**Student:** 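Mind looking over this structure? Questions follow.
We count residues from 1, following the sequence as given. Counting starts at 1 for both ligands and their atoms, following the listed order. Here the structure is a predicted model, which means the values were calculated and not measured.
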Amino acid sequence: MKKMMMLAFTLVLGINAMAQEVKLPAPDKKVSTTLFEALQNRKSVRDFTAKELTEAQLSNLLWATIGVNREDGRMVAPTAMNRQEVSVYVATKDGTCLYNPKSHSLTVVSKEDIRPALTGQQKSVANAPIFLVIVSDASKFGNGNGYAELDAGYVSQNICLAAAAMGLGTVPRAMMDREAVKKALNLGERQLVVLNHPVGYPNE
Ligand SMILES: Cc1cc2nc3c(=O)[nH]c(=O)nc-3n(C[C@H](O)[C@H](O)[C@H](O)COP(=O)(O)O)c2cc1C
């Protein structure tokens, strides 16, 4: 309960002060599940309870997306030519934050609840306490999209496996109102909203 309140406090604190960086606790990276158990358990979950994630869970989950795992600033997910063009946003009922991998922190970018735009027509996922949104900046590859969407796929798979390892459910989703999400997050023309992941406790 204390941890849940801390998470709510962190997000509310950030959301009250737009653009302020809110530090996350260091990821403890402690799960008893092995990689092969996580692979065995991974499956798409599309129905969630409203139970919130703890701050520690959010910290580990975000680190598993594009967190820094080496001193030179490279990340847990590979990117073509190390362009590091993939960003991850966390959308909650209170607003949306951008994850900053280098400082392992969150920056509030919107006070809107953008989860309806992320849910789109697929109402069964609407209950998830958080959605992770994977955005890839194609401009880092010049004129074409390069590997922007492919690189986003590695991040999506990391989310699937980290969620499975932590006993949480998720599903990679292409279905959403992309234009509404793009507008709410104030994204540039070449920033592609590739996938979103509702994450929470499976309702089963
Ligand atoms: C790129 C991509 C987009 C997807 N989009 C959706 C989606 O919008 N909604 C959904 O319910 N599932 C979506 N899925 C999940 C697939 O439907 C699911 O992975 C597939 O049915 C196999 O089931 P499993 O994940 O349980 O193995 C998507 C999967 C991928 C890889």
Side-chain angles (χ1 to χ4, degrees), residues 31 33-51 53 57 60-67 75-80 83-93 96 98-99 110 112-141 144-185 187 189-204:
V31 288
T33 318
T34 67
L35 172 61
F36 280 84
E37 285 165 343
L39 285 164
Q40 178 61 51
N41 293 341
R42 190 218 62 84
K43 63 179 180 186
S44 289
V45 172
R46 301 180 176 87
D47 192 9
F48 303 90
T49 71
K51 186 176 172 185
L53 271 56
Q57 282 174 315
N60 279 327
L61 187 63
L62 285 171
W63 181 79
T65 61
I66 51 170
M75 312 181 306
V76 294
T79 57
R83 292 288 156 91
Q84 302 198 354
E85 79 282 12
V86 183
S87 303
V88 174
Y89 293 79
V90 190
T92 74
K93 65 177 170 25
T96 303
L98 171 68
Y99 173 56
S110 168
E112 264 180 73
D113 182 1
I114 68 161
R115 295 177 308 158
L118 293 166
T119 299
Q121 301 300 312
Q122 197 174 9
K123 303 296 176 211
S124 72
V125 299
N127 258 359
I130 67 163
F131 280 70
L132 299 181
V133 189
I134 306 175
V135 173
S136 203
D137 186 354
S139 71
K140 298 260 174 87
F141 290 104
N145 280 3
Y147 296 97
E149 285 158 312
L150 185 59
D151 288 348
Y154 288 101
V155 177
S156 172
Q157 182 69 347
N158 280 7
I159 297 169
C160 290
L161 292 176
M166 293 162 70
L168 298 169
T170 192
V171 55
R173 296 184 62 246
M175 205 188 289
M176 66 184 119
D177 182 346
R178 279 203 174 69
E179 279 316 305
V181 174
K182 213 165 172 162
K183 197 168 165 216
L185 299 181
L187 298 178
E189 199 47 47
R190 311 279 320 279
Q191 285 181 285
L192 313 175
V193 184
V194 184
L195 289 168
N196 73 71
H197 275 260
V199 185
Y201 288 88
N203 191 20
E204 52 189 24

**Student:** Which of the atoms in ligand 1, numbered in the order shown and given with their element, are less than 4.0 Å from a heavy-atom of Val171?
**Tutor:**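 Within the 4.0 Å cut-off of Val171, ligand 1 contributes 12 (N), 15 (C).
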**Student:** Any donor and acceptor pair, going by atom type alone, linking the side chain of Arg115 with main-chain N or O of Ile130 inside 3.5 Å?
**Tutor:** no
**Student:** Looking at atom 26 (O) of ligand 1, what's its closest protein heavy atom, distance included?
**Tutor:**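 Of the protein heavy atoms, Ser44 N, 2.9 Å lies nearest.
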**Student:** List ligand 1 atoms under 4.0 Å from Arg46, heavy atoms only on the residue side.
**Tutor:**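 So the answer, numbered in order with elements, is 10 (C), 11 (O), 12 (N), 15 (C), 16 (C), 17 (O), 18 (C), 21 (O).
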**Student:** Looking only at heavy atoms, what is the nearest atom pair of Asn196 and Leu118, with distance?
**Tutor:**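 Residues Asn196 and Leu118, closest heavy atoms: ND2-O, 3.5 Å.
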**Student:** Record the part of Gln122 in heavy-atom contact with ligand 1 below 4.0 Å; permitted values are side chain, backbone, both and neither.
**Tutor:** side chain
**Student:** Is a donor on one side and an acceptor on the other found under 3.5 Å between the side chain of Thr33 and the backbone of Glu37?
**Tutor:**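 Such a contact is absent between Thr33 side chain and Glu37 backbone.
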**Student:** Determine whether more than 12 heavy atoms belonging to other residues, nucleotides or ligands lie under 6.0 Å from atom CD of Gln122.
**Tutor:** yes
**Student:** If you have a sec, work out which protein heavy atom is nearest atom 27 (O) of ligand 1 and how many Å separate them, to one decimal?
**Tutor:** Arg42 NH2, 2.7 Å
**Student:** Would a distance-only check, ignoring hydrogens and angles, find a side-chain to backbone donor-acceptor pair under 3.5 Å from Arg42 to Leu161?
**Tutor:** no
**Student:** Among all protein heavy atoms, pick out the one at the shortest distance from atom 4 (C) of ligand 1; state its residue, atom name and that distance to 0.1 Å.
**Tutor:**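 The closest heavy atom on the protein side is Pro172 O, 3.2 Å.
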**Student:** Heavy atoms only: which of Val194, Val125, Leu195 lies closest to atom 2 (C) of ligand 1?
**Tutor:** Leu195
**Student:** Give the single entry among Cys160, Ala174, Ser156 that approaches atom 3 (C) of ligand 1 most closely by any heavy atom.
**Tutor:** Ala174
**Student:** Could you give the distance from CD (Glu112) to CG (Leu185), rounded to the nearest 0.5 Å?
**Tutor:**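 Nearest 0.5 Å value for the CD-CG distance: 8.5 Å.
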**Student:** Check step by step if side-chain contact (heavy atoms from CB on, under 4.5 Å) holds for Ile134 and His197.
**Tutor:** CA-CA 8 Å; Ile134 306 175; His197 275 260; 4.0 Å; yes
**Student:** With a 4.0 Å cut-off, strictly under, does atom 22 (C) of ligand 1 pick up any protein heavy atom?
**Tutor:** no
